[in-house]
Number of protein chains: 2
Amino acid sequence: MVRAGLTPERVALAGAELADEVGLDQVTMARVARRLGVKDASLYTHVRGLEDLRGRIALLAADEKTLRIAEATAGRSGKDALVAFADAWREYAHEHPGRYAATQISVRIDPELAARAPGPRRAVELTYSMLRGYGLAEPDLTDAVRLLRSTFHGFVALEAAGGFAHARAPQRSWTRALDALHTLLEHWPPSREGESP
Amino acid sequence: MVRAGLTPERVALAGAELADEVGLDQVTMARVARRLGVKDASLYTHVRGLEDLRGRIALLAADEKTLRIAEATAGRSGKDALVAFADAWREYAHEHPGRYAATQISVRIDPELAARAPGPRRAVELTYSMLRGYGLAEPDLTDAVRLLRSTFHGFVALEAAGGFAHARAPQRSWTRALDALHTLLEHWPPSREGESP
DNA sequence: GGTTTAACCTAATGCCCCTAGGCATGTTCC
DNA sequence: GGAACATGCCTAGGGGCATTAGGTTAAACC
């Protein structure tokens with residue numbers, strides 16, 4: 001019989017595709033195996049188990065999303081960069097709902113594996129460099145990065161969960177949110193912290 | 001043999017407790033049944049199945065969270081109200097991680113059941129009334145509500161997922177985010193929309 | 001070509017979801 | 001009080017999934 005030629009990466013990719021098609025919680029070892037034309041037990045050669053597979057999907061998604069953001073923001077600055085960054089984030093979530101959902105489980109990913117994936121770290125770094133133009137200094141910079149990431153993630157998560165039932169199109173609220181965040185970053189309220197960061 | 005006296009509400013409550021203790025994805029019919037001292041098949045008298053149970057946990061959590069927010073914001077206005085609102089939200093997520101996680105699956109909840117639960121709708125209404133003091137008008141009001149909800153949810157979701165690896169305490173970033181949002185609401189950028197909402 | 005490595009397999013265990021059908025416990029109505 | 005009914009909880013069982021153990025065979029290396 002001919003071998004399927006699997007690798008951990010190919011298994012994770014099949015899982016990611018499945019996640020986008022049928023939802024992350026429907027990604028099972030059995031289903032991934034069927035998609036790859038292989039028995040489920042065979043997957044354990046490449047992947048430690050379902051948890052590990054999920055972690056790999058998450059890291060794959062983080063890498064892809066980061067790449068998209070990097071391409072979108074390249075050569076841009078100021079509000080241009082902010083909008084490009086945010087739109088790339090949201091579009092990735094829309095195009096790959098299952099993969100995106102996987103990124104929310106980062107807690108229990110194998111640390112050794114996570115250390116090799118550049119995605120999550122790079123995404124944070126990209127946020128920092130995007131904010132460079134606004135002239136913030138630490139610790140305000142970290143606070144601003146966290147605020148932006150929270151808002152971007154929260155928006156697409158609520159959107160995906162059907163949280164925007166009101167008639168107004170989410171796209172408009174999104175655009176306005178970016179306007180607002182831009183204004184906010186330009187007039188970042190002065191810190192009243194007497195302590196160290 | 002003595003009856004357990006179950007109801008859909010008691011089953012959902014047991015599921016919610018379990019979710020907080022062991023994680024939402026570890027909430028199984030079998031485990032809930034064991035906790036209630038009953039065989040798993042018996043639960044199907046009260047709950048349609050696992051999906052239905054999850055939906056009921058989500059609605060239970062939404063109701064509880066809304067109540068907490070309502071109590072926290074009662075009699076407050078302006079930034080006081082904003083901070084009380086946000087803190088109540090975040091504290092609920094911290095105290096009840098499993099319940100909170102359930103609120104993120106609202107898409108496929110039985111619509112008939114959801115219509116009877118006041119929580120989700122009430123939560124949005126509370127956000128609107130909290131913003132009353134900032135003098136926004138539609139459609140800016142809806143946009144602001146969505147921005148706030150996105151940020152609150154995004155922050156606690158990232159926090160729960162271990163997304164804030166940096167040394168700075170999340171609490172400080174949270175406080176600063178609320179400062180920033182308050183400032184933002186006071187100086188909401190003018191809409192350049194020529195169209196209808 | 002023979003040996004070694006590892007990719008893939010079969011088999012088996014145990015947990016889970018869910019349905020069907022039975023019995024016993026409460027309730028209602030005389 | 002007792003008959004008739006509704007229903008809470010049960011046992012039994014089918015089918016799916018995750019995972020492990022151990023066998024086989026294709027590929028890689030000498």
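Order of the sequence lines sets the chain letters (A, B, ...), proteins ahead of strands, with each chain counted from 1.
- Taking A/Glu71 as the reference, nothing meets the salt bridge (Lys or Arg N to Asp or Glu O under 4.0 Å) condition, with sequence neighbours excluded.
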For this session: Please report the C-alpha distance between B/Tyr134 and B/His182 in whole Å, then the side-chain angles of each, then the deciding distance to 0.1 Å, and finally whether the ring-ring contact (aromatic ring centres under 6.0 Å, His included) criterion is met.
Result: CA-CA 9 Å; B/Tyr134 290 101; B/His182 172 68; 5.6 Å; yes
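- Here the P atom of nucleotide D/dC9 and the NE2 atom of B/His46 are 4 Å apart, to the nearest Å.
- A/Arg54 has its CZ atom 12 Å from the C1' atom of D/dC17, to the nearest Å.
- In this structure, B/Arg10 places its CZ atom 13 Å from C1' of D/dG8, rounding to the nearest Å.
- What separates OH of A/Tyr44 from P of C/dC8 is a distance of 15 Å, to the nearest Å.
- Side-chain nitrogen and oxygen atoms of B/Ser42 include none within less than 4.0 Å of the OP1 or OP2 phosphate oxygen of D/dG8.
- Residue A/Lys39 contributes atom NZ, which lies 14 Å from atom C1' of D/dG16 at whole-angstrom precision.
- Taking a cutoff of 4.0 Å between a charged side-chain nitrogen and a carboxylate oxygen, A/Glu64 and A/Arg99 qualify as a salt bridge.
- Listed nucleotides: C/dT10, D/dA18, D/dC10. Nearest to the side chain of B/Val38: D/dC10.
- Ion pairing of B/Asp143 with A/Arg172 is absent here, as no side-chain N (NZ or NE/NH1/NH2) approaches a carboxylate O to less than 4.0 Å.
- Across all strands shown, A/Thr45 has heavy atoms under 4.0 Å from base atoms, whether or not it also approaches the sugar-phosphate.
- Counting any heavy atom pair closer than 4.0 Å across all strands shown, A/Arg34 reaches sugar-phosphate atoms only and no base atom.
- Within 4.0 Å of A/Ala30, counting heavy atoms only, lie sugar-phosphate atoms of the nucleic acid but no base atom.
- Remark: C1' of C/dC17 and CD of B/Gln26 are 15 Å apart, rounded to the nearest angstrom.
- In this structure, A/Asp40 places its CG atom 15 Å from P of C/dA12, rounding to the nearest Å.
- Rounded to an integer number of Å, the gap from CG of B/Asp25 to P of C/dC16 is 13 Å.
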